[in-house]
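One structure is given below, encoded as structure tokens.
Counting begins at 1 with the first residue of the sequence. When reading the values below, keep in mind they use all heavy atoms of this one structure, side chains included, and skip hydrogens, waters and symmetry mates.
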Amino acid sequence: MQNNIDALIFDLDGTLWDANNTYLNAWNTIMQDSEHKLSMTIEDMQSVMGWEQKAAWNKLFPHLADSDWKPIAQNIDILQVQLAATQGGILYKDVAQYIPPLSQKYSLHIVSNCPEALIPAFYKYSGLQSYFTDYEEHGRTKLSKSENIKLIIQRNNIKNAIYIGDTESDRKHATLAGLPFVYMTYGFGKLTQPPYLKFDTFAELALYFLP
């Protein structure tokens, strides 16, 4: 199938980098300053990685009304983007090496359920922006991941794409968008159904799709 593919659409967290410690710092800094004095662990964060904002807050802090958590979430998003651009995260092994050659054969895109402007922060920290054609974020559109994938496909006239991610949610939304799902096993999630393809390292993925 790889001979017909014209675009690779990536998830961000758990697929291209791990910035959980940076995100956790932003969350706990803002939450401790709020009247609710909330806190969470890295395990809490990983349990909702890739979820849309409302679903994540309802799982982690079900006792809070929307009117309670939304102002906190807004401030967390702002700090999270600031810290992601300066403190960044850890790029997974071989991502920096193989994104450039992959971009010579395919158009590369990122679709994530992250806050608005987080993908540009990733670009700034990683220095990989020039290799990606387009991106979309839940924080910008307020749409589901499957709808944002469709937006990327439509506005870039993509004919045959795959979605590459690391969670069951990624698999579900790739399927809803009509794309084969490629699972990166090193990420944050486990699947309930088999993917189209799976890889244990980014190098394995790259070498499969490169000539």
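- Judged by distance alone, the side chain of Tyr23 and the main-chain N or O of Ile42 form no donor-acceptor pair under 3.5 Å.
- Between Tyr135 and Tyr123, the two ring planes are perpendicular [angle over 60°; tilted spans 30° to 60°].
- Listed for the Asp6 side chain is a donor-acceptor partner under 3.5 Å among the backbone atoms of Lys159.
- A donor-acceptor distance shorter than 3.5 angstrom exists from the side chain of His138 to the backbone of Leu143, with no hydrogens or angles considered.
- Exactly one residue among Lys145, Arg155, Lys142 makes a salt bridge (charged side-chain N to carboxylate O under 4.0 Å, His left out) with Glu136. That residue is Arg155.
- Judged by distance alone, the side chains of Asn25 and Thr29 do bring a donor and an acceptor atom under 3.5 Å apart.
- With hydrogens and angles ignored, the 3.5 Å screen pairs no side-chain donor or acceptor of Glu52 with any backbone N or O of Asn113.
- One N or O on the side chain of Tyr186 and one on the backbone of Thr15 form a donor-acceptor pair closer than 3.5 Å.
- Side-chain atoms of Asp18 never come within 3.5 Å of backbone atoms of Gly14 as a donor-acceptor pair (strictly under, hydrogens ignored).
- Under the 3.5 Å distance criterion, the side-chain polar atoms of Gln32 are matched with a main-chain donor or acceptor of Leu38.
- A donor atom on one side chain and an acceptor atom on the other are found under 3.5 Å apart for Thr192 and Glu168.
- Side-chain rings of Trp27 and Trp57 approach one another, their centers coming within less than 6.0 Å.
- Two rings, from Tyr92 and Trp17, have their centers 6.0 Å or more apart.
- In summary, Glu147 and Lys150 do not engage in a salt bridge, as defined by a charged side-chain N under 4.0 Å from a carboxylate O.
- Using a cutoff of 4.0 Å between basic side-chain nitrogens and carboxylate oxygens, Glu204 and Lys198 are not scored as salt-bridged.
- Tyr106 places a side-chain N or O within donor-acceptor distance of the main-chain N or O of Phe209, the cut-off being under 3.5 Å.
- Inspection of the Asp134 and Asn156 side chains reveals an N or O donor paired with an N or O acceptor under 3.5 Å.
- A donor-acceptor distance shorter than 3.5 angstrom exists from the side chain of Asp170 to the backbone of Asp166, with no hydrogens or angles considered.
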